[in-house]
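Here's the structure we're looking at; comments come further down.
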Amino acid sequence: MVKNVISEISGLRKFSSDRSINMNSLGVFADSVRFIERNQISEVDLWKKFVEQYRVKPDGEDGRWRCEYWGKMMRGACMILAYTKNDGFYRIVEASVRDMLTTQEENGRFSTYSVDTEFTCWDLWGRKYVMLGMQYFLDICRDEALYGEIEAALIRHADYIINHIGEGKKDICKASRNWQGLNSCSILEPMVRLYKMTGDKKYLDFSEYIISTGFIEGGDLIDLAYKNEVAPHDYPVVKAYEMMSCFEGLLQYYCLTGNEKYKTAILNLGYRIIEGELSVIGCSGCTHELFDHTAIKQTQTDYEGIVQETCVTVTWMKFAEALLEISGDPVFADAIEQSFYNSYLGSFNTERATISHYPGSNDFPLVLPFDSYSPLAADRRGRMVGGYCRFPDGTFYGCCACIGAAGSGVIPYYALMKDSEGLVLNLYEKGSYRTYLKSGTRADVIVDSAYPADGKINITVGLAAKERFTLKLRIPSWCRSPELLVCGERVKVENGYAVIDREWTDGDVLVLDLPMAVERILPPVGARNEVKFAAYRRGPLVLAADARLCDPYSKVDVLCNKEGFAEGELVYCPEIPESIVCVSLDTLSGRKVRLINYSSAGKTWTKQSACAAWLYLVDKEEK
């Protein structure tokens, strides 16, 4: 198999996502993977429909983005298959790649825009996703001849772009009518990857040209992030998904060149997102799909538009995983967990609800695997299809439905990582990992838990031979009183990473206790309606009202102590048996109220299961 000729500069990454780690999950993550395989990767006709858009080229007529569907779904499918290695689903994906190769034009183009309409609107955005889809497939490709065909196709595709875009040619920031060219500049990531594959300097030069633009026509987002004087919601362009996509490409460039300015800019943006652009469920955007100071706006009640886009959630998870790799900062590991267990899993259409683009449209309702938007205050799921486009047969699809698989695809990169000293465990779901230490010794890490429903975790280390190395365990920021026993001996731990450096023997056991109290979360100071709302969290799971259990529009007076913790009893939920947890809570009025994990709430996509993460508080005078 052909290998990359350019390797990453050593020492740039604190942690590495080594895909040679064999992961076998038996928890919530495994359920998400099975859902994606059954409800998306297996859809042969859908793959064919997406490829067909490259033959009929409809996007040049209406300036839309059907061009992104194939590559976006292919990337996510390949991330899942890199984990499962499922032969049957691999054959489906491989067949679609071969089908896509037949759509390449003699001039090298893969595009849903005609030559007469090319390099406008979302054309480069779609070409980016063709490249990414094929590049991610190369990571799992089992056929050397096919690998060579794909690489040659990618080169011809990229060369056509370079021959038409750049210095003295068409300005990449003007190759779109959207977001000052931010969407077009996101092609940086696959161009850097192509340079790493081929070693051909023209792809590096083109990448540096894109970086020189600052990603937009009317400013320099890289410089703004580097100087860190303003928040992302004050940038000249604030489209969250596209901005993070550009910075993902910049991160690839940093890992290739070691330019510290770009590392600083990338991390500054990441920390700013955590500081002011994430909601309680781990997504950005409470005004359409924009960075808009989400922390402050997440409790607004006067905005009737869509909020919390699934594309943003997934792209943030991917970006945060890369930020974790280059920084080693557990704040990014915590952020991935927050998004995964709340906004991301909440988007799964587990009850196979049907949806039209919007209420009153003349679409024939379809079942899509993922919802596009997530409610925060009381509302229903399934309100609208993000990135909606229709096909000639009257069916439709959306961008969030295509990107969804990549969210679960991030987890194997993140669950068990490596650093220069040993292993780093971030995910505590039941399952096992097999990898090899720097010495070549085989190491197994076996996790026994009911996480995320319960914080009692047993970890067994399996080794082919005794060896000294460091095992780091993530201690989530939500946990107030963690406890750890290593081979029966108590070890003091705090939030962050617990670092255990010792000689390990086959069968050594660690017992980690992460107590999961129900904690009241109040909006940040200055938030919209900050005195009217509270959210409740148990461990990594945000709790939610669901109309089948508790009216999300009513006021809830959960009884909490002075520190903001509530006594909650885990109970069975016959109305929603698939919920991860159902918590019965005492209230000041003496009644009981039941809340479930946010990701299981609202799944009928109707008012029957209207749900809310932010719950109305009882006014002081009403108590």
**OP:** Output the distance between atom CD (Glu217) and atom NZ (Lys174), rounded to the nearest 0.5 Å.
**Re:** 5.0 Å
Subject >> Plane angle bin for Tyr341 and Tyr451 - parallel if under 30°, tilted between 30 and 60°, otherwise perpendicular >> reply: perpendicular
**OP:** State, with a plain yes or no, whether a side-chain heavy atom of Leu182 is found less than 4.5 Å away from one of Leu221.
**Re:** yes
Original post:
Are the ring centres of Phe291 and Tyr235 closer than 6.0 Å?
Top reply: no
Original post:
In Å, rounded to the nearest 0.5 Å, how long is the span from CD1 of Ile216 to CD1 of Ile172?
Top reply: 13.5 Å
**OP:** Please lay out, stage by stage, how Glu578 and Thr350 fare under the test side chain to side chain donor-acceptor pair (under 3.5 Å).
**Re:** CA-CA 10 Å; Glu578 66 276 10; Thr350 52; 5.5 Å; no
Original post:
Where is the tightest heavy-atom contact between Ile521 and Arg537, given as atom of each residue plus distance?
Top reply: CD1-NH2, 3.6 Å
Subject >> Rounded distance (nearest 0.5 Å) linking atom CG of Asn183 with atom CD of Glu68 >> reply: 10.0 Å
Original post:
Below 6.0 angstrom between ring centroids: does that apply to Phe15 and Tyr497?
Top reply: yes
**OP:** Return yes if some donor-acceptor pair links the side-chain N/O of Tyr262 with the main-chain N/O of Tyr253 below 3.5 Å, else return no.
**Re:** no
Subject >> Enclosure of Glu351 CD (heavy-atom neighbours >12, cutoff 6.0 Å) >> reply: yes
Original post:
Aromatic rings Phe533 and Trp614: how do their planes relate, parallel, tilted or perpendicular, breaks at 30° and 60°?
Top reply: perpendicular
**OP:** Classify the ring geometry between Tyr69 and Tyr397 as parallel (under 30°), tilted (30 to 60°) or perpendicular (over 60°).
**Re:** perpendicular
**OP:** Check whether any side-chain N or O of Asn597 sits under 3.5 Å from a backbone N or O of Leu541 as a donor-acceptor pair, and report yes or no.
**Re:** no
Original post:
Does Thr213 reach the main-chain N or O of Ile210 with its side chain, forming a donor-acceptor pair under 3.5 Å?
Top reply: yes
Subject >> Parallel, tilted or perpendicular: ring planes of His293 versus His233, cut at 30 and 60 degrees >> reply: parallel
Subject >> Main-chain N/O of Arg390 paired with Arg66 side-chain donor or acceptor, under 3.5 Å >> reply: yes
Original post:
Any side-chain donor-acceptor pair under 3.5 Å between Glu337 and Trp478?
Top reply: yes
Original post:
Any donor and acceptor pair, going by atom type alone, linking the side chain of Asp59 with main-chain N or O of Cys67 inside 3.5 Å?
Top reply: yes
Original post:
Under the 3.5 angstrom rule, does the side chain of Gln135 hit a backbone N or O of Pro190 as a donor-acceptor pair?
Top reply: yes
**OP:** Answer yes or no: is there a donor N or O on one side and an acceptor on the other, between the side chain of Glu189 and the main chain of Cys246, under 3.5 Å?
**Re:** no
Original post:
In a check of side chain to side chain contact (heavy atoms under 4.5 Å, CB included) between Tyr344 and each of Ser599, Ser408, Cys283, Ser374, which one passes?
Top reply: Ser408
Original post:
Can you tell which of Trp179, Phe247, Trp125 makes a ring pair (Phe, Tyr, Trp, His ring centres under 6.0 Å) with Tyr241?
Top reply: Trp125
Subject >> Short side-chain donor-acceptor distance under 3.5 Å, Ser609 and Thr604 >> reply: yes
Original post:
So, Asn342 side chain and Val542 main chain: donor-acceptor pair closer than 3.5 Å or not?
Top reply: yes
Original post:
Looking at side-chain heavy atoms only, is the closest gap between Tyr616 and Asn529 below 4.5 Å?
Top reply: no
Original post:
If only atom types and distance count, is the side chain of Asp419 paired as donor or acceptor with the main-chain N or O of Lys14 below 3.5 Å?
Top reply: no
Original post:
Do Gln308 and Ser343 have a side chain donor and acceptor closer than 3.5 Å?
Top reply: no
**OP:** Look at the aromatic rings of Tyr271 and Phe332 and report parallel, tilted or perpendicular, splitting at 30° and 60°.
**Re:** tilted
